[in-house]
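Read the structure below first, then the notes.
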Amino acid sequence: MKSKDNITEMIDYLRSTDNGNPLFDEDRIIAAYQKQGVPQTLPVKMMAIFGGLLTSLAFSGFLVITGIYQSVYGLLGFGVTCIIAAIWINNKYNKVILDTLSISSFIIGLILLWFGLDQLGVHENLRYLIYSILSLCSLLSTRGYILNFAAIFIMNGSILALILSTRSYSLMQIYVSSLTVLLYFFLRQEAGIIHMKKTFSAQYTPIRAGLVFSFLSGLVYLGKRGLIPLSMGYTWVTSMLIITAIAFLMSTLLPILKIKRTMHKVCAYTLTIVILLPTVSSPAISGAVLLMLLSFLVNYRTGFVISIIALVYFISQYYYDLNLTLLIKSVLLASSGISFLLIYFFFLKNIDNK
């Protein structure tokens with residue numbers, strides 16, 4: 001087994017590099033690794049979620065055909081049962097196929113509960129609050145990746161839907177700002193959170209992924225002009241919060257990039273401010289930059305790739321929404337490209353000189 005050989009080689013290497021000859025229980029380490037089963041890569045997890053959605057839709061169609069949707073208490077009882085079953089399966093087993101079953105059961109339960117509450121006359125906004133509470137309870141009681149990711153995403157999605165439903169668009173700034181602070185803390189304190197409690201080590205990865213997608217979902221509403229009516233007089237507050245977080249983050253990144261001279265640090269901060277200040281009216285751009293830098297710092301490859309894609313989209317959308325002629329937009333795009341190239345050569349030169 002290749003995995004077993006890799007573990008043995010790593011243990012032998014650690015023993016050879018430590019003069020104290022550290023002791024490792026090699027058998028228990030290998031047994032713990034094998035207990036996890038086949039590693040679930042991101043495509044496998046996404047396929048499990050996609051399969052769960054398809055299964056949920058098919059089962060919902062079955063309920064429509066059988067006519068069970070006409071019974072209010074049948075919908076509520078069956079919905080709650082499906083949610084409880086999803087949590088039980090997720091905690092009891094750790095298999096990909098059962099992960100698909102648990103997420104399917106969870107989504108089916110939420111769908112049935114939604115229609116059941118609707119037939120009882122529960123207001124839509126109250127249903128969003130109930131979904132947020134249910135997702136939080138699921139997050140606190142499960143350890144599986146897929147269900148934890150779905151719980152954190154549904155919880156934030158319910159809050160976002162509540163903002164849109166009540167037309168409290170000014171709260172969108174608070175929503176994105178809160179996610180900015182939470183994501184910054186969550187990624188910067190990665191080691192401390194994982195070692196805080198044993199169960200957090202299993203929950204950290206799905207919660208991180210859920211926060212990233214929730215953060216980007218909020219940025220979409222701020223990045224596309226006209227999607228929701230926003231007062232531009234308050235948008236700069238969110239932008240300045242994100243830019244401030246980037247500035248704090250640079251104090252950690254510059255030593256890693258071996259930039260230690262005061263003049264070089266001043267140039268780096270100046271270039272950052274010069275590039276980000278024109279985007280104050282579009283927090284989505286600075287938000288994507290913040291996510292990219294955080295992902296780079298903690299070596300979160302998925303987040304890094306997603307942030308680059310988001311940055312390209314938000315920049316394109318920003319220049320598309322500008323009420324300027326095509327010539328001026330072309331000049332601005334060319335100037336931005338030259339600025340990024342200058343920053344690249346600046347960092348490359350300083351790293352090569354070390």
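The figures here come from the full heavy-atom set of this structure, side chains too, leaving out hydrogens, waters and symmetry mates.
Contacts of Ser177 classified as side chain to side chain donor-acceptor pair (under 3.5 Å), with partners at least two apart in sequence or in another chain: Thr238.
Scanning all heavy atoms of the two residues, the minimum distance from Leu134 to Leu113 falls at CD1-CD2, 3.2 Å. Taking both residues in full, the closest heavy atoms of Pro206 and Ile152 are given as O-CG2, 4.0 Å, listed atom of the first, atom of the second, then distance. Residues Ala86 and Leu147 share a closest heavy-atom pair of O-CD2, 3.8 Å. Of all non-hydrogen atoms in Val122 and Leu126, the two that sit nearest each other are CG1-CD2, 3.6 Å. Contact between Ser214 and Phe153 at its shortest, heavy atoms only, is OG-CD1, 3.8 Å.
Distance check: Ser178 OG to Gln173 CD gives 11.0 Å after rounding to the nearest 0.5 Å. Rounding to the nearest 0.5 Å places CD of Glu124 at 11.5 Å from CG of Leu129. Between the CG atom of Leu140 and the CG atom of Asn148 there is a distance of 9.5 Å, given to the nearest 0.5 Å. A distance of 6.5 Å separates CG in Asn156 from CG in Leu211, rounded to the nearest 0.5 Å. The distance from the CD1 atom of Ile133 to the OG atom of Ser138 is 13.5 Å, given to the nearest 0.5 Å. Taking OG from Ser141 and CD1 from Ile87, the interatomic distance works out to 4.0 Å, rounded to the nearest 0.5 Å.
Residues Phe215 and Val220 are members of one and the same hydrophobic cluster, defined by side-chain heavy-atom contacts under 4.5 angstrom among Ile, Leu, Val, Met, Phe, Trp and Tyr. No single ILVMFWY cluster, assembled from side-chain heavy atoms under 4.5 Å apart, contains both Ile315 and Val312. In terms of hydrophobic clustering, with Ile, Leu, Val, Met, Phe, Trp and Tyr side chains grouped at heavy-atom distances under 4.5 Å, Val305 and Phe314 are assigned to different clusters. Val181 and Val298 fall into different hydrophobic clusters, where Ile, Leu, Val, Met, Phe, Trp and Tyr are joined by side-chain heavy atoms under 4.5 Å apart, directly or via other members. Under a hydrophobic-cluster definition in which Ile, Leu, Val, Met, Phe, Trp and Tyr are linked whenever side-chain heavy atoms come within less than 4.5 Å, directly or via other members, Ile243 and Phe248 are assigned to the same cluster.
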Working for side-chain contact (heavy atoms from CB on, under 4.5 Å), residues Ile306 and Phe213: CA-CA 9 Å; Ile306 293 175; Phe213 281 97; 3.7 Å; yes
Test log, rule side-chain contact (heavy atoms from CB on, under 4.5 Å), inputs Met292 and Leu311: CA-CA 9 Å; Met292 181 173 60; Leu311 180 62; 4.1 Å; yes
Check against side chain to side chain donor-acceptor pair (under 3.5 Å), Arg127 and Ser158: CA-CA 9 Å; Arg127 278 179 273 167; Ser158 299; over 6 Å; no
Criterion side-chain contact (heavy atoms from CB on, under 4.5 Å) on Leu164 and Tyr221, from CA distance to verdict: CA-CA 10 Å; Leu164 297 176; Tyr221 286 93; 3.4 Å; yes
Derivation of the side-chain contact (heavy atoms from CB on, under 4.5 Å) call for Ile83 and Ser105: CA-CA 6 Å; Ile83 293 175; Ser105 180; over 6 Å; no
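Proximity of Leu291 to Phe304: side-chain heavy atoms (C-beta onward) are nowhere separated by under 4.5 Å. Annotation: side chain of Phe149 is not in contact with side chain of Arg208 (no heavy-atom distance under 4.5 Å). Between Leu216 and Leu219 there is a side-chain heavy-atom pair separated by less than 4.5 Å. By the 4.5 Å heavy-atom criterion applied to side chains, Phe106 and Cys82 are not counted as neighbours. Side-chain contact between Arg188 and Leu294: present, with at least one pair of heavy atoms (C-beta onward) separated by less than 4.5 Å. The side-chain heavy atoms of Tyr128 and Ile159, taken from C-beta on, include no pair separated by under 4.5 Å. Using a 4.5 Å cut-off on side-chain heavy atoms (C-beta onward), Leu253 and Phe296 make contact. Residues Leu179 and Leu183 are not in side-chain contact: their nearest non-hydrogen atoms beyond the backbone lie 4.5 Å or more apart.
Applying the 6.0 Å contact sphere to OH of Tyr313 captures more than 12 heavy atoms from other residues, nucleotides or ligands. For CZ of Phe186, the number of neighbouring non-hydrogen atoms (other residues, nucleotides, ligands) closer than 6.0 Å is greater than 12.
Exactly one of Ile246, Leu249, Ile242 qualifies for a side-chain contact (heavy atoms from CB on, under 4.5 Å) with Val289. That residue is Ile246.
Ser135 places a side-chain N or O within 3.5 Å of a backbone atom of Tyr131 that can act as its donor or acceptor partner.
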